[in-house]
Colleague: 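I have a structure I would like to understand better, so I am pasting it below and will then ask my questions one at a time.
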Protein chains: 2
Amino acid sequence: MTAKIVVLLVDDHAVVRAGYKTFLSLSDKVGMIYEAERGESACQLYNQYQPDIVIMDLSMPGMGGFESIRRLVSRDAHCKILVSSIHNELVYVTRVIKAGAKGYITKNNSPETLMAAVYQVASGNTFIEPALAQQLAINVASERGVSNQIEELSPREFDVFCLLANGLTTRDAAEKLCLSYKTVCNHTTAIKEKLGIKTLAELALVATRQGILETFDRSSMAMLEK
Amino acid sequence: MTAKIVVLLVDDHAVVRAGYKTFLSLSDKVGMIYEAERGESACQLYNQYQPDIVIMDLSMPGMGGFESIRRLVSRDAHCKILVSSIHNELVYVTRVIKAGAKGYITKNNSPETLMAAVYQVASGNTFIEPALAQQLAINVASERGVSNQIEELSPREFDVFCLLANGLTTRDAAEKLCLSYKTVCNHTTAIKEKLGIKTLAELALVATRQGILETFDRSSMAMLEK
DNA sequence: TTGATTTCAGGAAAAATTCCCATGACTAAA
DNA sequence: TTTAGTCATGGGAATTTTTCCTGAAATCAA
């Protein structure tokens with residue numbers, strides 16, 4: 001057996017990091033575990049320790065998970081990133097893989113599944129959570145784009161889409177993405193065009209209906225629908 | 001000190017539960033820790049073990065955190081629920097407390113804060129995360145109700161609000177309401193001001209969270225106003 | 001009646017958006 | 001290697017939307 005797996009854990013929630021550490025330490029193949037709260041420090045720690053695998057949460061403050069993935073990959077093309085997300089929507093899976101991650105699992109998995117994913121990714125393979133992989137396969141086979149028009153958005157457009165859907169102004173989104181205001185304007189126009197919508201409100205509705213935005217209180221909404 | 005604190009942990013993510021267990025076991029005042037993946041089983045386990053405190057995640061599949069709180073409280077009015085959420089929006093705090101929870105903290109807290117919250121709630125007090133409590137106090141003091149600013153909209157403003165929330169453009173809304181475009185613009189500005197929002201996307205989000213959708217005619221609006 | 005509030009809307013100014021264009025980077029095909 | 005295509009980025013000008021201020025008419029409660 002080779003050396004132990006060095007892990008970099010990126011998640012803004014201390015509780016969640018503690019959970020991962022507990023799970024990971026069940027295996028004797030895992031060595032040092034470094035932790036980062038956000039994307040910025042993750043990049044720095046990555047360079048410093050050269051971990052065998054990065055386990056990353058998607059929804060983080062600051063630059064966010066997607067941008068973090070892109071940066072890590074642009075620095076080191078062989079960077080092995082396993083995304084662990086609370087989202088079980090297919091849109092995310094495809095996006096994340098496109099961005100350069102090597103694996104995707106949701107957080108409601110057993111330690112065993114997590115470790116299986118870690119081994120796979122750390123040894124250079126890919127790992128998509130079986131249930132999601134199934135759905136993905138079906139979707140692809142049935143010729144229907146994963147989530148219709150949203151899939152047609154370019155990666156950058158998707159970034160902008162997410163921020164706008166969350167209620168950010170064009171200016172705020174530009175700042176968050178470190179882009180010119182005009183660029184975001186142009187992306188926004190393209191997004192509206194592709195999705196066939198006119199207002200930001202529609203954009204937010206599309207996002208919520210696709211489950212891209214967590215609406216927090218689904219139960220009471222379900223009640224209203226009846 | 002009396003007997004140890006019996007905890008019921010409700011979160012659909014195994015990793016997160018593991019994190020809590022790690023944090024909680026740092027204290028010798030915590031005794032048994034039971035776990036539930038979702039609201040349904042939480043109710044059952046609650047009856048079975050009568051825990052001193054329930055630590056609950058908000059965003060869960062199935063009945064969801066919100067509904068779970070209501071059920072637990074309706075069964076046992078003295079049920080002590082500490083909500084631990086990834087959301088740091090005030091809306092959630094107030095709604096959760098209204099639903100009957102006794103505490104609210106976000107997930108990016110230290111073990112110490114978590115334990116402080118657990119002690120407080122378990123011993124019959126309440127605990128709101130300090131930072132959020134601050135904001136809440138400020139909001140209340142400045143007279144702006146947190147969640148139901150919608151109540152402050154005038155009837156006409158509410159009409160406009162509903163249309164915009166459904167994705168209509170200002171022009172379309174004006175036509176639908178037989179108003180001048182400028183009038184609708186002005187109403188929109190007033191609405192944004194009252195709700196403290198900047199974009200139509202936010203408007204749509206507020207509407208979804210309040211469960212207001214496709215309520216065009218005045219009759220159903222009158223119902224909502226009560 | 002009086003004062004407060006709501007509804008309506010116009011004009012001028014400010015801000016946001018669209019549309020068109022150009023650049024550089026990258027990729028896939030010929 | 002050349003070519004063609006896409007993507008991301010943003011500038012400039014024109015256009016559209018929104019804000020802000022103003023006032024008039026209507027309603028309502030005290």
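Chain naming here is simple, since letters A, B, ... match the order of the sequence lines and numbering starts at 1 in each.
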Colleague: Quick one: do the A:Y46 and A:D76 side chains pair a donor with an acceptor below 3.5 Å?
Modeller: yes
Colleague: Under 4.0 Å between any heavy atoms, over every strand shown, what does A:T170 touch: base, sugar-phosphate, or nothing? Just pick one.
Modeller: sugar-phosphate
Colleague: Scan nucleotides 8-12 of chain D against the protein and return all N/O pairs shorter than 3.5 Å with their distances rounded to 0.1 Å.
Modeller:
unit_1 : atom_1 : unit_2 : atom_2 : d
D:dA8  : OP1    : A:S154 : OG     : 3.2
D:dA8  : OP1    : A:R156 : N      : 2.8
D:dA8  : OP2    : A:S154 : OG     : 2.2
D:dT9  : OP1    : A:R156 : NE     : 3.1
D:dT9  : OP1    : A:R156 : NH2    : 3.2
D:dT9  : OP2    : A:R156 : NE     : 3.0
D:dT9  : OP2    : A:H187 : NE2    : 3.3
D:dG10 : OP2    : A:S180 : N      : 2.9
D:dG10 : OP2    : A:T183 : OG1    : 2.5
D:dG10 : N7     : A:N186 : ND2    : 3.2
D:dG11 : O6     : A:N186 : ND2    : 3.2
D:dG12 : N7     : A:K182 : NZ     : 3.2
D:dG12 : O6     : A:K182 : NZ     : 2.8

Colleague: For B:T189 and D:dT19, is the shortest distance between a side-chain N/O and OP1 or OP2 below 4.0 Å?
Modeller: yes
Colleague: Minimum heavy-atom separation for A:K102 to A:C79, with atom names?
Modeller: NZ-O, 3.7 Å
Colleague: Take the protein atom CD of A:E193 and the nucleotide atom C1' of C:dT18, then report the distance between them rounded to whole Å.
Modeller: 12 Å
Colleague: Starting from C1' on C:dT18, measure out to CD1 on A:I191 and report it in whole angstrom.
Modeller: 14 Å
Colleague: Just the rounded figure in Å: distance from C1' of D:dC7 to CZ of A:F161.
Modeller: 19 Å
Colleague: Would you say B:T170 and B:Y181 are linked by a side-chain donor-acceptor pair, where the criterion is simply a distance under 3.5 Å?
Modeller: no
Colleague: Counting any heavy atom closer than 4.0 Å, what does A:K192 reach on the DNA or RNA strands: base, sugar-phosphate only, or nothing?
Modeller: sugar-phosphate
Colleague: Is the shortest side-chain N to carboxylate O distance from A:K194 to A:E152 below 4.0 Å?
Modeller: no
Colleague: Let me know the distance between CG of A:L203 and P of C:dT17, rounded to the nearest Å.
Modeller: 12 Å
Colleague: What pair of heavy atoms forms the shortest contact from A:D52 to A:K80, and how long is it?
Modeller: O-CD, 3.4 Å
Colleague: Taking atom CD of A:E193 as the centre, report whether more than 12 heavy atoms of other residues, nucleotides or ligands fall under 6.0 Å from it.
Modeller: no
